[in-house]
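This structure is a prediction, so every number in the text was calculated from the model and none was measured. Computed over heavy atoms, backbone and side chain alike; hydrogens, waters and symmetry mates excluded.
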Amino acid sequence: MSASSPDQVVIAALFDEYCTTEYPGEKPDDVFEKYAVTQVLKPRDLSTDELIAGIVDGTRDGGIDSFFVFLNGMLLSPDDPVLRAGDLSVGQLGQHPDLDIYLIQAKNTGHWEESTWEHLLSSLANLLDTGKDDLALEKLFRSDVVERTGILRKAIRSLGPTFPKVTFNAVYVTRAAEANLTDAITERGD
């Protein structure tokens with residue numbers, strides 16, 4: 001095993017401090033997901049409850065650990081009125097609102113895994129299909145994954161007439177050195 005890079009040493013220290021101060025006694029792998037989400041979405045200044053609500057990791061998660069949808073910088077929740085096609089709030093947005101999606105995959109490991117992208121890519125076609133019914137998706141995926149990705153499916157349907165500017169961010173977070181990324185992993189990510 002190669003020696004840790006200076007960046008990895010700093011991240012390890014910051015993560016250990018985060019575990020100790022924020023989630024003492026919890027499993028490091030579970031805390032790493034929270035830490036990764038906190039770091040990726042730090043500029044969004046979300047509450048702990050908002051961050052936790054977006055974490056959907058578990059069995060039948062389709063390769064998604066966390067999923068967040070923002071409209072003009074504001075986090076959308078599953079019951080947001082703007083997700084109902086024809087709601088008056090949609091008309092107040094104007095043309096080309098910003099729709100930002102963050103799909104975060106977090107692995108508390110010191111290496112990159114190509115299978116991370118494989119699992120995710122095999123699920124996204126179903127989970128992001130605006131024509132899919134939630135009940136049908138729940139036969140394949142856990143309900144909280146369907147609910148969180150459902151925010152995007154509903155947003156696309158309701159905001160379609162406003163021609164939103166959509167930015168999709170798929171983020172893979174691990175403690176591995178960036179220098180160890182393989183071409184295959186980079187290509188899958190792209």
Side-chain angles (χ1 to χ4, degrees), residues 33-57 61-107 112 116-138 140-174 178 181 183 185-190:
E33 289 176 352
K34 296 169 188 165
Y35 182 71
V37 167
T38 300
Q39 295 307 305
V40 170
L41 298 177
K42 188 179 278 187
R44 301 288 179 158
D45 197 28
L46 300 178
S47 71
T48 300
D49 289 341
E50 289 171 323
L51 291 168
I52 298 299
I55 297 175
V56 295
D57 182 36
D61 65 10
I64 298 173
D65 287 344
S66 303
F67 199 86
F68 299 86
V69 180
F70 297 88
L71 177 62
N72 290 336
M74 301 301 295
L75 181 66
L76 291 178
S77 64
D79 58 351
D80 198 296
V82 77
L83 299 178
R84 293 189 298 266
D87 192 273
L88 293 177
S89 60
V90 175
Q92 296 171 352
L93 291 171
Q95 291 294 300
H96 312 291
D98 290 322
L99 192 62
D100 296 315
I101 300 97
Y102 283 84
L103 183 157
I104 302 168
Q105 182 59 256
K107 299 287 183 206
W112 301 97
T116 297
W117 289 124
E118 296 296 330
H119 188 206
L120 179 62
L121 291 172
S122 69
S123 304
L124 285 181
N126 279 320
L127 287 169
L128 302 182
D129 185 339
T130 58
K132 293 286 183 175
D133 174 69
D134 285 2
L135 293 176
L137 288 172
E138 286 181 2
L140 301 171
F141 306 101
R142 41 189 294 149
S143 61
D144 55 347
V145 172
V146 173
E147 179 182 66
R148 295 306 294 192
T149 57
I151 295 170
L152 177 59
R153 290 189 302 277
K154 291 174 186 173
I156 293 293
R157 287 192 300 260
S158 71
L159 299 173
T162 68
F163 299 98
K165 178 186 168 206
V166 179
T167 304
F168 197 96
N169 303 280
V171 182
Y172 179 11
V173 180
T174 183
E178 192 173 340
L181 273 171
D183 290 341
I185 291 172
T186 301
E187 286 297 315
R188 288 287 184 199
D190 290 344

Heavy-atom distance under 4.5 Å between the side chains of [X] and [Y], does that happen here?
{"X": "Phe70", "Y": "Leu41", "result": "yes"}
{"X": "Asp61", "Y": "His119", "result": "yes"}
{"X": "Leu71", "Y": "Leu93", "result": "yes"}
{"X": "Leu99", "Y": "Ile156", "result": "yes"}
{"X": "Asp98", "Y": "Thr167", "result": "no"}

Starting at [atom1] of [X], measure out to [atom2] of [Y] and round the result to the nearest 0.5 Å.
{"X": "Phe68", "Y": "Ile101", "atom1": "CZ", "atom2": "CD1", "value": "13.0 Å"}
{"X": "Leu75", "Y": "Asp45", "atom1": "CG", "atom2": "CG", "value": "12.0 Å"}
{"X": "Asp80", "Y": "Ile151", "atom1": "CG", "atom2": "CD1", "value": "8.5 Å"}
{"X": "Ile104", "Y": "Phe67", "atom1": "CD1", "atom2": "CZ", "value": "10.5 Å"}
{"X": "Ile55", "Y": "Glu50", "atom1": "CD1", "atom2": "CD", "value": "12.5 Å"}

Excluding sequence neighbours, so at least two apart, what forms ring pair (Phe, Tyr, Trp, His ring centres under 6.0 Å) with Tyr35? Phe15, Tyr18
For the student: nearest non-hydrogen atoms of [X] and [Y], plus distance:
{"X": "Pro81", "Y": "Ser89", "answer": "C-OG, 3.8 Å"}
{"X": "Ala155", "Y": "Leu76", "answer": "CB-CD1, 4.4 Å"}
{"X": "Pro97", "Y": "Gly94", "answer": "CD-O, 3.8 Å"}
{"X": "Ser123", "Y": "Gly62", "answer": "OG-O, 3.1 Å"}

Does the pair Leu152 and Phe168 meet the rule for a side-chain contact (heavy atoms from CB on, under 4.5 Å), with working shown? CA-CA 11 Å; Leu152 177 59; Phe168 197 96; 4.2 Å; yes
Among Leu51, Asp65, Thr38, which residue meets the side chain to side chain contact (heavy atoms under 4.5 Å, CB included) test with Glu33? Asp65
Who pairs with [X] by salt bridge (charged side-chain N to carboxylate O under 4.0 Å, His left out), at least two apart in sequence or on another chain?
{"X": "Asp129", "value": "none"}
{"X": "Asp87", "value": "Arg84"}
{"X": "Asp100", "value": "Arg44"}

Which residue pairs pass the salt bridge (Lys or Arg N to Asp or Glu O under 4.0 Å) test with at least one member in [range], sequence neighbours excluded?
{"range": "residues 151-163", "answer": "Asp134-Arg153"}
{"range": "residues 34-43", "answer": "Glu26-Lys34"}
{"range": "residues 141-152", "answer": "Arg142-Asp144"}
{"range": "residues 158-168", "answer": "none"}

Mind running side-chain contact (heavy atoms from CB on, under 4.5 Å) on Leu120 and Leu103 for me, showing each step along the way? CA-CA 10 Å; Leu120 179 62; Leu103 183 157; 3.7 Å; yes
Quick one: list whatever passes side chain to side chain contact (heavy atoms under 4.5 Å, CB included) with Leu140, sequence neighbours left out. Asn126
Kindly write out the residues that satisfy side chain to side chain contact (heavy atoms under 4.5 Å, CB included) with Leu135, not counting sequence neighbours, or none if the list is empty. Asp133, Glu138
Determine the interplanar angle of the Phe163 and His96 rings, folded into 0 to 90°, and report it as parallel if under 30°, tilted if 30 to 60°, perpendicular if over 60°. tilted
Which residues share a side-chain hydrogen bond (donor to acceptor under 3.5 Å, both in side chains) with Ser77, sequence neighbours left out: Asp79
Sequence neighbours excluded, the answer for side-chain hydrogen bond (donor to acceptor under 3.5 Å, both in side chains) partners of Thr48 is none
Between Thr174 (side chain only) and Lys107 (backbone N and O only), is there a donor and an acceptor less than 3.5 Å apart? yes
